[in-house]
Number of protein chains: 2
Amino acid sequence: MKPKIEDVAKLAGVSPTTVSRVLNNRGYISEKTRKKVHDSMEQLNYYPNEIARSLFIKKTYLIGLIFPSTGHPFYGQLIFHLENICSSLGYKVLLCNSQNREDKERNYLKMLQMNQVDGIIAGAHNRGIEEYEIPKLPVVGIDRNLSSKTPVVSSDNYEGGKLATQLLIDKGCKQIIHINGPQYLETPANLRRNAYEDVMRANKLNPITYEFPLKSTDEIVINIVKQIFDDHPQVDAIFASDDLIASKVLREARKRNITIPQHLKVIGYDGTETTRMMLPELSTVEQPIKEIAEKAVEIIIKQINGEQEDIQLENILPVKLIDSETT
Amino acid sequence: MKPKIEDVAKLAGVSPTTVSRVLNNRGYISEKTRKKVHDSMEQLNYYPNEIARSLFIKKTYLIGLIFPSTGHPFYGQLIFHLENICSSLGYKVLLCNSQNREDKERNYLKMLQMNQVDGIIAGAHNRGIEEYEIPKLPVVGIDRNLSSKTPVVSSDNYEGGKLATQLLIDKGCKQIIHINGPQYLETPANLRRNAYEDVMRANKLNPITYEFPLKSTDEIVINIVKQIFDDHPQVDAIFASDDLIASKVLREARKRNITIPQHLKVIGYDGTETTRMMLPELSTVEQPIKEIAEKAVEIIIKQINGEQEDIQLENILPVKLIDSETT
DNA sequence: TTGTAAGCGTTATCAA
DNA sequence: TTGATAACGCTTACAA
């Protein structure tokens, strides 16, 4: 069986309390006993049982992460940074892929509470899961309003939409079409659409937004892109709400022998490392993923430590326009 | 404070034991008390403390995942499936991004043991971490030999290398160059290289492999690709050991006005969802990521349940050649 | 069918 | 400077 404090104590000829003191560096311990204890721990290959420890101190150093999928480039990169930062602060991470399914999300929420996580960081496309209003459990949303009292971290989606649209207009485009997810979700990402429509109107241009459903397959997205080209042969720019969709536009345009950027300009959104690696030619609006992760962890830790005072409810980080070869 | 079994018991007018029995469906309980207990749990919004439970039953239903990064398309997708399957079997997942750093990996290994995980699934490029030989702790490697006794799951890397090389030869290529990671790592992925070299020689062609270092930046990879074109102006095919590298080849070729696939054929490796979305034109060898995850979880669960008998040490799953537009 | 009591491995309190 | 003891919230003998 695994050695426990008692075993170490016996071997070192001291009491369990003393071993615990050595482990946690608490109280006075003579150098001699400290050495004895350390030797015994080494000899037995002892390491403390965090479960027992958590039970007593009522703190697990666990943080739950609920996101649609690690397979999505944006979330994959975001989760990488979240885990990294948590780990550097002594926190561990329980991973949950909600797949944008409310039932899954609810189950995960319950599971995380049963496992006594110290906090939850969540970002997903569903709205209105009242279960997030958990008394005393710190929660932070990323790009998503979980409840009126939950702090949210996101990048400046309105500014991003503005920058993208303005860039296309500045380059002389007149028929600019936008592709975005469902509007009813009221996610911060919808601000990109608002910005697009505002900027278009301010420039006396007619905004046209194509919506794709929440759970779109590859094919559905491609069909929407085709639809756009069929409906609007004169289109000279497309602003897609994410890079994967922009890549579909690029491909369909190539198929139709529309040269980019001469006859059609395309800009995406997200600018993940994977996109920048695989499609560096794509112009895009880069989200500060690492900074979003840093801010979210900072807030959750503050909540955990009871430093409520200087937590802002809305935390908006600046985006960066990448004017590459498709614009 | 959070309600505990005792609170539920008091409210229901029964003993803690009875509540525990209701929770775990053990022993005989009258319908009347069962209802009373359920009502009390509802009223108090009670849910059991898994930490306390784990401590007693000496089982956490936790599985540790150690992989380089969720941000990498292959690992992101793999981890998505691993978590999914674990979750469906009642297991939770502790996520660790090792970033291919031995020191991090060692720390994570210790952390996971301290947290009493029931098992570990790991895949990363370092070799020889003897700490993986943990007495009685179930471990499974993915695409990686962790120790002589640790089961490994991988796709058929040799067959994949063979399929890719043979395809290029069948299409008439003569100067086929291979790009791969460092050979000293002895990962299963190195079999792709062996297959390439074997098939080349069997066809009386000269195998040339360019190696990139373990921790390559974007720029290093691009420079290697440039080097290849400079060193071998006659090259008519490139087989890259992963899709990200293949995408760099595509781009450099385009820059040099080399038309694909007429003057140069390119094939990658992995075929993740993200690649298939962003670069569907890229020919590649698709790994059965979901099946790899399923096999790995199956094995770890068997180990956890002590069903050692029918566990194979080597588990090799078939790959699929995708002959798209770059070959 | 239900209850009492002990113990999982740790830490904090208090006393020595 | 060290040790005995109780407690964290749960489950399981054993008893009733």
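Numbered from 1 within each chain, the chains take letters A, B, ... in sequence-line order.
- One atom, NZ of A/Lys10, and another, P of D/dG3, lie 14 Å apart when rounded to the nearest Å.
- Ionic pairing of B/Lys35 and B/Glu31 is not present here: no N-O contact between side-chain nitrogen and carboxylate oxygen is shorter than 4.0 angstrom.
- As a whole-Å value, the separation of B/Ile5 CD1 from C/dG7 P is 19 Å.
- Computed from coordinates, the B/Arg21 CZ to D/dT12 C1' distance equals 9 Å when rounded to whole Å.
- In this structure, the nucleotide among D/dG3, C/dG3, D/dT11 sitting nearest to the side chain of B/Val14 is C/dG3.
- A close approach under 4.0 Å does occur between a side-chain nitrogen or oxygen of A/Ser20 and OP1 or OP2 of C/dT11.
- Remark: B/Lys302 engages B/Glu298 in a salt bridge, criterion side-chain N to carboxylate O under 4.0 Å.
- Nearest to the side chain of B/Ile57, among D/dA13, D/dA7, D/dT11, sits D/dT11.
- For B/Tyr46, there are no ring pair (Phe, Tyr, Trp, His ring centres under 6.0 Å) partners two or more places apart in sequence or in a different chain.
- A straight line from CD of B/Glu6 to C1' of D/dA7 spans 12 Å, rounded to a whole angstrom.
- Nucleotide D/dA7 holds its P atom 13 Å from the NZ atom of A/Lys58, rounded to whole Å.
- As a whole-Å value, the separation of B/Lys32 NZ from C/dT1 P is 12 Å.
- Near DNA chain C, meaning a heavy atom under 4.0 Å from it, residues 46-54 of chain A has A/Tyr46, A/Pro48, A/Asn49, A/Ala52, A/Arg53 in order of number.
- Sparse packing is recorded around CD of B/Glu42, with 12 or fewer heavy atoms of other residues, nucleotides or ligands lying under 6.0 Å away.
- Projected onto DNA chain C by closest heavy-atom contact, B/Leu55 and B/Thr18 fall at different nucleotides, the more 5' of which corresponds to B/Thr18.
- A donor-acceptor contact under 3.5 Å links the side chain of A/Thr17 to the base of D/dA4.
- The shortest side-chain heavy-atom distance between B/Ser154 and B/Ile142 does not fall under the 4.5 Å cut-off.
- Taking side-chain N and O atoms only, A/Thr33 has a distance below 4.0 Å to OP1 or OP2 of D/dT2.
- Between the side chains of A/Gln99 and B/Asn84, at least one donor N or O lies within less than 3.5 Å of an accepting N or O.
- Counting to the nearest Å, the P atom of C/dT2 and the OH atom of B/Tyr28 are 13 Å from each other.
- For the pair A/Arg26 and C/dA12, the criterion of a side-chain N or O lying under 4.0 Å from OP1 or OP2 is met.
- Rounded to whole Å, atom P of D/dC10 lies 13 Å from atom CZ of B/Phe56.
- Pairs passing the salt bridge (charged side-chain N to carboxylate O under 4.0 Å, His left out) check and including a residue from residues 6-22 of chain B, sequence neighbours excluded, read B/Glu6-B/Lys10.
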